[in-house]
Amino acid sequence: MENKEVARILRETAQLLEIDGAIIGRYRSYEKVAELLYSLHERIEDICKDPKKLRELPGVGENMAEHICEILQTGDYKLRQKLLKKYPASLLELLRLQSLGPKKVLFLWETFQVSTIEGVEKLAREGKLRELPGFGEKSEQNILKATESAKRSTGRFKLNAAEDEADKFAAYIKNTELSKSAAAVESVTPAGSLRRGRETIGDIDLLVTMRPGRDKQKDVDAVAEHILKYPGIDQTLAHGENKVSVLLGSGFQVDVRMLAKENFGAALLYFTGSKSHNVALRGRALDMGWTLNEYALTTLKGGKVVAGKSEEEIYAKLGLDYIEPELREMTGEIEAAENHKMPKLVRLQDIRGDLQMHTTASDGRNSIEEMGEAAKALGYEYIALTDHSKAVTVANGMDEKRTLAQIKKIRAAQERVPGIRLLAGIEVDILKNGSLDLSNEVLAQLDVVVASVHSYMQLDREAMTDRILGAIENPYTQIIAHPTGRLVLRRDAFDYDMEKILDAAKKNGVAVECNAYPDRLDLKDVHLRMAKQRGMKIVISTDAHNTTHFRFMKYGVITARRGWLEKKDVINTLPLDQFLAALRPKPTAAVSKAAKTKSA
DNA sequence: GCCGTTTTCGGCCCGACTGTTTTCAGTCG
């Protein structure tokens, strides 16, 4: 069973316990272990084989260990079953509604035996909620809005959508032509999971710092007023002294915090998270006789400010090297920072080339020359033009003959686009049986062979593992592209033995791709980290289908950073000749080279 | 349910905001 699945069961237990009125600590203990499992990259099934190792996990005691073992063996456990006899599972859906928490959910269940979103909606429409103790007319309206919004959206969005929305909102806040209040704004900074670069984003957190002025609160109030006039707002969720929270028509919730410059570091740290990373920092602060909140790091006694202006300053006071936002997920970053073992993460400006893209030859929108010019404008030294092979008929994939013609076209285009190396590539399909979609004779003539799966995605674990292994063993395969085939929020990853695949790729000198297309982000962070631990070669490519898609590189880089990748792990940070040397050597090239050496 | 050495019992992060209260419980991040 996957870690995520066990985590989900434990989280549900925590929620049911909270509804059941358990004391805070009891349900927190389940929540904590659930969170731990979400970010753990070792498989809990493997850890469980050694009971001592299981008990060593923070927050796992005797009872929790037993629970976890029972879940792994039977798929469920007694405590949860007991709770589910008392409360229907659908009560957990109600917890997702804005403004409904465990207390009110329990009250609705006990009073009306209502346990579904539709049921709550009906009560609200009939005006039955406003009379209840602790509810009122306003609550009833809010619940109605929440049920409508729940029906519309799943609550999470792709990284690029969140970034675009955040940029638009930030530009609005800073626009002095729209509001005089903008003049008082010094900076608008996205925090939260957006800053950490998670592949999906729940809501957008923006921190607004104010210029030092005569009347701070007046400035803050004016900015808040301006924010509430943002054209995309569907509903105002909160409007306080220094916080505004709105729901946009696009489904995003945006939380804006306005703060003084001297608190910026502490606030940025706090609102960037992750939650568990923050908890660890707070604990560390307490151990050192300080307390950390969103305003500053202060002494426990007397509340004297120790640090707060910048994140760097706070980490330093806590005896830690600076931790990049992408690493703040409690997967070993605190230990690394303590022992000066932080990786020097790869940066966007380190990338020298893009190795997967499509042209009008298959399903792209731009010509070879247009892609070349656009890449050159970005400062790249080389790109590989990798159109589809014939198996992908819907994308107008190329057969052997067309591939050979395409190679010629790329060579010819090179003449017209100097200053950047145009590599003749292919995204060749990995067929159901693991063989490649084009003949070795044709593959031998390409500069870069990228292989990937676009069909029979439902193969069982064994068959899919064998299929990918087959592709890796083909001596012409140099890069496996979007290796798991998942689509963010839309399609699960293929089922195969990732460790086996990575080991085989490493052994054969095959690189794996981190596909930067925001719908893919594949490999994802945890898998990239597994690849790094094996010392594998990794490429970051955009899979661009037109020239504007080149900008997706940053999402690939941020995902790579979340996988702890450094420049040296990513081979398209190398200059052209070194990059080509890092690719798996072609059999024909090796043979002809050997033959040459012999004759010489 | 877990954890710890200034605790084996008593606390679990904590501050902002809302709405329903008439001083605060519940929700949220």
Side-chain angles (χ1 to χ4, degrees), chain A residues 10 13-15 17-36 54-68 77 79-80 94-108 129-143 145-146 155 191-194 201-207 220 224 235-247 253-259 263 266-267 269-287 289-296 298 300:
Chain A
L10 290 175
T13 308
Q15 291 176 315
L17 280 170
E18 201 181 354
I19 290 173
D20 197 42
I23 57 160
I24 180 167
R26 183 145 181 253
Y27 66 79
R28 277 267 165 83
S29 61
Y30 287 88
E31 232 169 46
K32 271 188 195 162
V33 177
E35 263 170 45
L36 175 84
L54 182 60
R55 286 288 305 272
E56 274 169 15
L57 293 174
V60 177
E62 198 182 336
N63 289 307
M64 198 63 78
E66 263 177 38
H67 289 335
I68 292 173
Y77 70 121
L79 175 59
R80 184 168 168 278
L94 295 190
L95 284 180
R96 284 217 284 271
L97 295 176
Q98 181 87 241
S99 85
L100 277 192
K103 295 288 191 300
K104 287 186 170 174
V105 163
L106 176 68
F107 185 76
L108 291 176
L129 296 182
R130 62 183 76 182
E131 308 295 336
L132 303 174
F135 291 75
E137 211 164 323
K138 197 80 193 251
S139 311
E140 194 175 80
Q141 290 306 314
N142 284 341
I143 288 168
K145 280 177 187 165
S193 49
L194 179 55
I201 307 295
D203 46 45
I204 295 170
D205 298 289
L206 294 176
L207 299 186
V220 169
Q235 188 187 346
T236 301
L237 298 171
H239 177 196
E241 257 176 59
N242 50 32
K243 179 186 154 176
V244 175
S245 192
V246 297
L247 196 60
Q253 180 178 328
V254 185
D255 298 325
V256 189
R257 285 294 271 242
M258 285 147 297
L259 52 117
N263 306 120
L269 192 61
Y270 183 88
F271 289 107
T272 296
S274 68
K275 206 169 156 187
S276 50
H277 180 87
N278 284 349
V279 170
L281 292 185
R282 279 164 181 252
R284 198 177 170 86
L286 283 176
D287 288 343
W290 296 323
T291 171
L292 177 63
N293 62 21
E294 62 252 61
Y295 295 104
T298 51
L300 263 178

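Letters A, B, ... mirror the listed sequences (proteins, then strands); counts begin at 1.
Whole-Å rounding puts the A/Asn278 CG to B/dC28 P distance at 20 Å. What separates CD of A/Glu62 from P of B/dC2 is a distance of 8 Å, to the nearest Å. Whole-Å rounding puts the A/Leu106 CG to B/dG26 P distance at 11 Å. Separating the CG atom of A/Asp255 from the C1' atom of B/dC28 is a distance of 9 Å, rounded to the nearest angstrom. Atom OH of A/Tyr27 is separated from atom P of B/dG26 by 11 Å (rounded to the nearest Å). To the nearest angstrom, P of B/dG29 lies 15 Å from CG of A/Leu206. Rounded to whole Å, the distance from CZ on A/Arg96 to P on B/dG29 is 13 Å. Straight-line distance from the CD atom of A/Glu56 to the P atom of B/dC2: 15 Å, rounded to whole Å.
Separating the P atom of B/dT21 from that of B/dT27 is a span of 14 Å, rounded to the nearest Å. Across B/dT5 and B/dC12, the matching P atoms stand 15 Å from one another, rounded to whole Å. Rounded to the nearest Å, the gap between the C1' atom of B/dC9 and that of B/dC14 is 23 Å. Across the C1' atoms, B/dT20 and B/dG11 are found 30 Å apart, a figure rounded to whole Å. Between B/dT23 and B/dC17, the two P atoms lie 23 Å apart (nearest whole Å). For B/dG4 and B/dC13, the P atoms lie 14 Å apart once the distance is rounded to whole Å. Comparing B/dA16 with B/dG10, their P atoms are spaced 30 Å from each other, to the whole Å.
In this structure, the separation between CD on A/Glu294 and CG on A/Leu269 is 11.0 Å, given to the nearest 0.5 Å.
With hydrogens and angles disregarded, no donor-acceptor distance shorter than 3.5 Å links the side chain of A/Gln235 to the backbone of A/Leu247.
A/Ala191 is linked by a side chain to side chain contact (heavy atoms under 4.5 Å, CB included) to A/Asp205, A/Leu207, A/Leu268, A/Phe271, A/Thr272, counting only residues two or more places apart in sequence or in another chain. Residues satisfying the side chain to side chain contact (heavy atoms under 4.5 Å, CB included) criterion with A/Ser245, sequence neighbours excluded, are A/Leu237, A/Ala238, A/Lys243, A/Gln253, A/Asp255. Residues passing the side chain to side chain contact (heavy atoms under 4.5 Å, CB included) test with A/Lys32: none are found, sequence neighbours excluded.
Within the nucleic acid shown, A/Gln141 has no heavy atom closer than 4.0 Å to any nucleic acid atom. Nucleic acid contact for A/Val60: sugar-phosphate only, since backbone atoms but no base atoms lie under 4.0 Å from a heavy atom of the residue. The residue A/Leu97 sits close only to the backbone: its heavy atoms come under 4.0 Å of sugar-phosphate atoms, none of a base.
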If you restrict it to nitrogen or oxygen atoms, what contacts under 3.5 Å exist between nucleotides 11-21 of chain B and the protein, and what is each distance?
| unit_1 | atom_1 | unit_2 | atom_2 | d |
| --- | --- | --- | --- | --- |
| B/dC13 | OP1 | A/Arg28 | NH1 | 2.6 |
| B/dC13 | O2 | A/Arg282 | NH1 | 3.4 |
| B/dA16 | OP1 | A/Tyr295 | OH | 2.9 |
| B/dC17 | OP1 | A/Glu241 | N | 3.3 |
| B/dC17 | OP1 | A/Asn242 | N | 3.1 |
| B/dC17 | OP1 | A/Asn242 | OD1 | 3.1 |
| B/dC17 | OP1 | A/Lys243 | N | 3.1 |
| B/dT18 | OP1 | A/His239 | N | 2.4 |
| B/dT18 | OP1 | A/His239 | O | 3.1 |
| B/dG19 | OP1 | A/Asn142 | ND2 | 3.1 |
| B/dG19 | O3' | A/Ser139 | OG | 3.1 |
| B/dT20 | OP1 | A/Gly136 | N | 2.6 |
| B/dT20 | OP1 | A/Gly136 | O | 3.3 |
| B/dT20 | OP1 | A/Glu137 | N | 3.4 |
| B/dT20 | OP1 | A/Ser139 | N | 3.2 |
| B/dT20 | OP1 | A/Ser139 | OG | 2.8 |

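Within 90° of 0 lies the glycosidic angle of B/dT7, which makes this nucleotide syn.
When side chains are defined from C-beta on, A/Leu100 does not count as touching A/Phe107, because their heavy atoms never get closer than 4.5 Å.
Each of A/Asn63 and A/Val105 has a nearest nucleotide on DNA chain B; the 5'-most of these lies closest to A/Asn63.
For residues 277-287 of chain A, the side chain to side chain donor-acceptor pair (under 3.5 Å) pairs, not counting sequence neighbours, are A/His277-A/Tyr315, A/His277-A/Glu333, A/Arg284-A/Glu338. Every pair tested for salt bridge (Lys or Arg N to Asp or Glu O under 4.0 Å) that includes a residue from residues 56-67 of chain A fails, sequence neighbours excluded, so the list is empty.
With a cut-off of 3.5 Å on both Watson-Crick or G-U wobble distances, the partner of B/dG11 is given as B/dC2.
For A/Tyr30, taking side-chain heavy atoms from C-beta onward, the closest of the listed nucleotides B/dG29, B/dG1, B/dT27 is B/dG1.
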